[in-house]
Amino acid sequence: QVQLVESGGGLVQPGGSLRLSCAASAVIFSVLDMGWYRQGPGKQRELVAIITTLGRTNYDDSVKGRFTISRDNAKKMVYLQMNSLKPEDTAVYYCWGTGNLWGQGTQVTVSS
């Protein structure tokens, strides 16, 4: 059974940066499209960024130019570098993988 485990969340001031990491236990990680979703207070879960098996990326308009998704197939890791964070980025961030794979989530709070 494939497991996804996120880390790297926390409290950061507006304008700050955080890097989220997602470790996958998949035997063949490279065949999985991977992504990050988030769910803010009182909001539905939404797609933040996705990276395909070929390394193609796509971002929600709200994070374009601020967030960067990347992957390391050898380490079976996915990352989300978040810069210029805003209070509206506050949410639980979930790692996602092809086949409806989900991590447990990591809290990101942007506040002064």
[Y] reachable from [X] in the ILVMFWY side-chain graph, under 4.5 Å edges:
X: M77; Y: I28; result: no
X: Y79; Y: L85; result: no
X: V78; Y: L18; result: yes

Side chains of [X] and [Y], heavy atoms from C-beta outward: is any pair under 4.5 Å?
X: D60; Y: F67; result: no
X: T106; Y: V92; result: no
X: P87; Y: P14; result: yes
X: V5; Y: C22; result: no
X: T68; Y: Y59; result: yes

Start with the C-alpha gap between W96 and R45, add the side-chain angles, then the distance that decides, and say whether side chain to side chain contact (heavy atoms under 4.5 Å, CB included) holds. CA-CA 12 Å; W96 168 88; R45 193 173 296 190; over 6 Å; no
Specify the closest pair of heavy atoms between [X] and [Y], including all atoms of both residues, with the distance to one decimal.
X: M82; Y: L20; value: CE-CG, 3.7 Å
X: G105; Y: E6; value: N-OE1, 2.9 Å
X: L47; Y: I50; value: CD1-CB, 4.5 Å
X: L80; Y: A49; value: CD1-CB, 4.3 Å
X: L4; Y: C95; value: CD1-O, 3.8 Å

Grouping ILVMFWY residues whenever side-chain heavy atoms fall under 4.5 Å, the cluster of L54 otherwise contains none
Contacts satisfying side chain to side chain donor-acceptor pair (under 3.5 Å) that involve residues 14-24 (not counting sequence neighbours) are S17-N83
Quick note, side chain to side chain donor-acceptor pair (under 3.5 Å) partners involving residues 32-44, not counting sequence neighbours, are R38-E46, R38-S62, R38-D89, R38-Y93
Separation between OG1 (T52) and CD1 (I69), nearest 0.5 Å, reads 10.0 Å
Determine whether Q107 and T90 satisfy the following criterion, side chain to side chain contact (heavy atoms under 4.5 Å, CB included), listing intermediate values before the conclusion. CA-CA 8 Å; Q107 177 70 47; T90 294; 4.0 Å; yes
More than 12 heavy atoms from other groups under 6.0 Å of CD on Q104:
yes
Problem - Under 3.5 Å side-chain donor-acceptor pair for R71 and N73 - result: yes
For this session: For the pair T53 and L32, evaluate side chain to side chain contact (heavy atoms under 4.5 Å, CB included) and give the outcome as yes or no after the intermediate values.
Result: CA-CA 6 Å; T53 57; L32 303 177; 5.5 Å; no
